[in-house]
Participant: 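Here it is, the structure, as structure tokens.
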Amino acid sequence: MKVRFDYSKAKEFIDEKALEAMKKRAEAAKKVLLDGSGAGADFRGWIDLPVDYDKEEFARIEKAAAKIREDSDVLFVIGIGGSYLGARAANEFLNHNFYNKLSKEERKAPEIYYAGNSISGTYLAELLEILGDRDFSVNVISKSGTTTEPAIAFRVFKELAEKKYGKEGAAKRIYATTDKARGALKTLADGEGYECFVVPDDVGGRYSVLTAVGLLPIAATGADIRGLMKGAADMREHCMNAPVDENDAMLYAACRDLFYENGKGVEILVNYEPNFHYVSEWWKQLYGESEGKDHKSLFPAAVDFTTDLHSMGQFIQQGTPLHFETVVDVEESRKCVVVGSDESNLDGLNYLAGRDMNYVNHCAMNGTILAHKEGGVPNLVVRVKDQSAEALGQLFYFFEFACGVSGYTVGINPFDQPGVELYKRNMFGLLGKPGYESLTEDLRKRL
């Protein structure tokens, strides 16, 4: 396995009897997850997805991605939340830190930009400035086609594509990932002749990275999506069949739930690689939207070390003790920089001369774990062997499976998100959207 869980750095904070009891609860939650007897059971399609996916659609994804790489200088991925975070996480983790700055000859793929994940006019206008007169394609991702943020952005890019290429030409450059049979985007796509890919009915947005939602924009970079699926399939096999004491995802779920029940309110996901940042953002949505209901569960936060050691490190080590850390250790560096020697040694760094920066980074990580332990902060560790597609596929599935188990363990439905609808209702009322006008005056008074 390329992903392994290690709680040895937190053992002094864990009562073994209590952990054994939590493992039993996790096993019971796993049974509920797999047999479909829990709330939200209609949204468990992600469980078997790595081994039971539409092979014909997968081949079409690869073909469409090859076309995008061939005919486009830029790909715009339009979506919000689960409709873009998984793809962005994978694209940033698997590719060059400065992917968009490489020449197309070096990338062998288009620049990738993300739109429809905010309502900032400045962001969208400046994105259009970046495009200039270059050739582009669009992958619009929305189950309904009416979600405000991506719908606004798609209007802009659809109009731009039709102006540049004509309606028929634009239709060959717009790819819609949406419902298989209904919804505004599906209706438009069928009418205009866009190639369509499916958002499965039984896979919620935050669990959808291994569907066309994530796979098309990931494949467009030339990344190995077959390796991604293989990694997920390997982790699925492990999660399904390994006994709880050897089951990495189950142990992670049990440890984090034990800390929660012992009074911790925040889990901080820590990484030491800058291009892991959006994996953390994906993880935050997965756990925040899955578990954050019924006034229960851990608040998912994330930091990028060592950068954030110089801003948040002090609080994490000695502030209000409301958190524990889950450290992601990427064991093998993709590239190597060796620290040189300097005759004057004014910076005092000659003791590092000849050292690989990856070694220095790991010493910083291990030193921080020890310091934070001394400050009373438990540290769990998720070890990721390398930055390969297989490793990332394993990691995605590891977190998803642990999330399902953890949610049922603490007694919530990990597959709905009722709270996100209220802000939309208020926003529509303030905007005077048809059907919401009766709310407008009251909401404005309350402001």
Participant: Go through the side-chain N and O atoms of Glu281 and Gln285 and say whether any donor and acceptor fall under 3.5 Å apart.
Facilitator: no
Participant: Given Lys31 and Glu27, is the salt bridge (charged side-chain N to carboxylate O under 4.0 Å, His left out) satisfied, shown in steps?
Facilitator: CA-CA 6 Å; Lys31 183 177 184 300; Glu27 286 185 296; over 6 Å; no
Participant: Taking side chain as C-beta onward, heavy atoms only, is Phe396 less than 4.5 Å from Leu392?
Facilitator: yes
Participant: Indicate yes or no: does Lys385 engage Glu390 in a salt bridge with an N to O separation below 4.0 Å.
Facilitator: no
Participant: Taking the six-membered ring for Trp, is the centroid-to-centroid distance between Phe259 and Phe13 below 6.0 Å?
Facilitator: no
Participant: Measure the NE2-CZ distance between His372 and Phe324 for me, rounded to the nearest 0.5 Å.
Facilitator: 15.0 Å
Participant: Going through the distances and angles, do Tyr84 and Glu149 end up as a side chain to side chain contact (heavy atoms under 4.5 Å, CB included)?
Facilitator: CA-CA 12 Å; Tyr84 100 104; Glu149 294 90 340; over 6 Å; no
Participant: Drop me the distance from Ser83's OG to Ile78's CD1, to the nearest 0.5 angstrom.
Facilitator: 11.5 Å
Participant: Around atom NZ of Lys55, are there more than 12 heavy atoms of other residues, nucleotides or ligands at under 6.0 Å?
Facilitator: yes
Participant: Which heavy atom of Ser208 sits nearest a heavy atom of Thr211, and at what distance?
Facilitator: O-OG1, 2.7 Å
Participant: How far apart are the C-alpha atoms of Asp224 and Lys230, what are their side-chain angles, what is the distance that settles it, and do they pass the side chain to side chain contact (heavy atoms under 4.5 Å, CB included) test?
Facilitator: CA-CA 10 Å; Asp224 179 13; Lys230 180 184 183 304; over 6 Å; no
Participant: Between Ala87 and Val209, what is the shortest heavy-atom contact and its length?
Facilitator: N-CG2, 4.2 Å
Participant: Apply side chain to side chain donor-acceptor pair (under 3.5 Å) to Asp257 and list each qualifying residue two or more places apart in sequence or on a separate chain.
Facilitator: Ser406
Participant: Check whether Asn366 reaches the backbone of His362 with its side chain - one donor and one acceptor, N or O, closer than 3.5 Å.
Facilitator: yes
Participant: Please examine the side chains of Ile369 and Val381, heavy atoms only from C-beta on, and report whether any two atoms are closer than 4.5 Å.
Facilitator: yes
Participant: Distance check, rounded to the nearest 0.5 Å: Phe5 atom CZ versus Met250 atom CE?
Facilitator: 12.5 Å
Participant: Between Phe197 and Asp54, is there a side-chain heavy-atom distance shorter than 4.5 Å?
Facilitator: no
Participant: Check Ala232 against Leu210 and note the closest heavy-atom contact, atom names and distance.
Facilitator: CB-CD1, 3.5 Å
Participant: If you measure from the Lys or Arg side-chain nitrogens to the Asp or Glu carboxylate oxygens, is any gap between Glu261 and Arg25 under 4.0 Å?
Facilitator: yes
Participant: Measuring from Tyr114:OH to Leu85:CG, what's the distance to the nearest 0.5 Å?
Facilitator: 10.0 Å
Participant: Could you tell me whether a side-chain N or O of Ser103 sits under 3.5 Å from a main-chain N or O of Glu106, the two making a donor and an acceptor?
Facilitator: yes
Participant: Do Glu192 and Ile174 come close enough that some side-chain heavy atom pair is under 4.5 Å?
Facilitator: no
Participant: Quick check: does any side chain N or O of Lys296 sit under 3.5 Å from a backbone N or O of Val410, one acting as donor and the other as acceptor?
Facilitator: yes
Participant: Taking it one step at a time, do Thr326 and Arg256 satisfy side chain to side chain donor-acceptor pair (under 3.5 Å)?
Facilitator: CA-CA 9 Å; Thr326 297; Arg256 63 190 304 277; over 6 Å; no
Participant: Would you call Pro217 and Ile112 a side-chain contact if the rule is heavy atoms closer than 4.5 Å?
Facilitator: no
Participant: Flag the pair Lys180 and Glu57 as a salt bridge only when some basic side-chain nitrogen lies within less than 4.0 angstrom of an acidic carboxylate oxygen.
Facilitator: no
Participant: When you look at NZ of Lys373, are more than 12 heavy atoms from neighbouring residues, nucleotides or ligands closer to it than 6.0 Å?
Facilitator: yes
Participant: By the definition side-chain hydrogen bond (donor to acceptor under 3.5 Å, both in side chains), identify the one residue from Glu92, Gln387, His96 that meets it with Asn275.
Facilitator: Gln387
Participant: Is the backbone of Asp135 close enough, under 3.5 Å, to the side chain of Arg173 for a donor and an acceptor to pair up by distance?
Facilitator: no
Participant: Taking all non-hydrogen atoms of both residues into account, name the closest pair between Tyr287 and Tyr252 and its distance.
Facilitator: OH-CE2, 3.5 Å
Participant: Are Tyr207 and Phe43 an aromatic pair, judged by ring center distance below 6.0 Å?
Facilitator: no
Participant: Are the side chain of Tyr260 and the backbone N or O of Ser297 linked by a donor-acceptor pair below 3.5 Å?
Facilitator: yes
Participant: Between atom CZ of Arg236 and atom CZ of Phe401, what is the distance when rounded to the nearest 0.5 Å?
Facilitator: 9.0 Å
Participant: So Asp71 and Lys172, salt bridge (charged side-chain N to carboxylate O under 4.0 Å, His left out) or not? Walk me through it.
Facilitator: CA-CA 11 Å; Asp71 69 13; Lys172 295 175 182 177; over 6 Å; no
Participant: Is the number of heavy atoms from other residues, nucleotides or ligands under 6.0 Å of Met427 CE greater than 12?
Facilitator: yes
Participant: Can you check whether Leu34's main-chain N or O pairs, donor with acceptor, with Arg44's side chain at less than 3.5 Å?
Facilitator: yes
Participant: A quick test of your reading: do over 12 heavy atoms of other residues, nucleotides or ligands sit less than 6.0 Å from OH of Tyr123?
Facilitator: yes
Participant: Is Arg134 paired with Glu111 through a side-chain N to carboxylate O contact shorter than 4.0 Å?
Facilitator: yes
Participant: Taking all non-hydrogen atoms of both residues into account, name the closest pair between Lys104 and Glu70 and its distance.
Facilitator: NZ-O, 4.1 Å
Participant: Is there a side-chain contact between Phe305 and Ile316, using heavy atoms and a 4.5 Å cut-off?
Facilitator: yes
Participant: Using a 6.0 Å cut-off, check whether atom CZ of Arg334 has over 12 heavy atoms from anything other than its own residue.
Facilitator: yes
Participant: Are any side-chain N or O atoms of Lys293 and backbone N or O atoms of Asn413, one a donor and one an acceptor, separated by less than 3.5 Å?
Facilitator: yes
Participant: Apply side chain to side chain contact (heavy atoms under 4.5 Å, CB included) to Asp48 and Met240, showing your working.
Facilitator: CA-CA 10 Å; Asp48 294 328; Met240 291 285 195; 3.9 Å; yes
Participant: Are side-chain heavy atoms of Asp202 and Asp42 found at a separation under 4.5 Å?
Facilitator: no
Participant: How far apart are the C-alpha atoms of Leu395 and Val279, what are their side-chain angles, what is the distance that settles it, and do they pass the side chain to side chain contact (heavy atoms under 4.5 Å, CB included) test?
Facilitator: CA-CA 10 Å; Leu395 187 65; Val279 180; 4.2 Å; yes
Participant: What is the distance from atom NZ of Lys23 to atom OG1 of Thr409, rounded to the nearest 0.5 Å?
Facilitator: 13.5 Å
Participant: How about CZ on Phe315, more than 12 heavy atoms from neighbouring residues, nucleotides or ligands closer than 6.0 Å, or not?
Facilitator: yes
Participant: Applying the ring-ring contact (aromatic ring centres under 6.0 Å, His included) test to Phe93, which of Tyr278, Tyr99, Phe276 qualifies?
Facilitator: Phe276
Participant: So do the side chains of Lys2 and Phe398 get within less than 4.5 Å of each other, counting heavy atoms only?
Facilitator: no
Participant: Quick one, Thr177 with Asn139, criterion side chain to side chain donor-acceptor pair (under 3.5 Å). Give me CA distance, side-chain angles, the key distance, then yes/no.
Facilitator: CA-CA 7 Å; Thr177 306; Asn139 179 203; 3.2 Å; yes
Participant: Salt bridge or not for Arg4 and Asp248, using N-O below 4.0 Å?
Facilitator: no
Participant: What pair of heavy atoms forms the shortest contact from Ala89 to Trp282, and how long is it?
Facilitator: CB-CB, 4.1 Å
Participant: Donor-acceptor pair, Asp356 side chain versus Tyr359 backbone, under 3.5 Å?
Facilitator: no
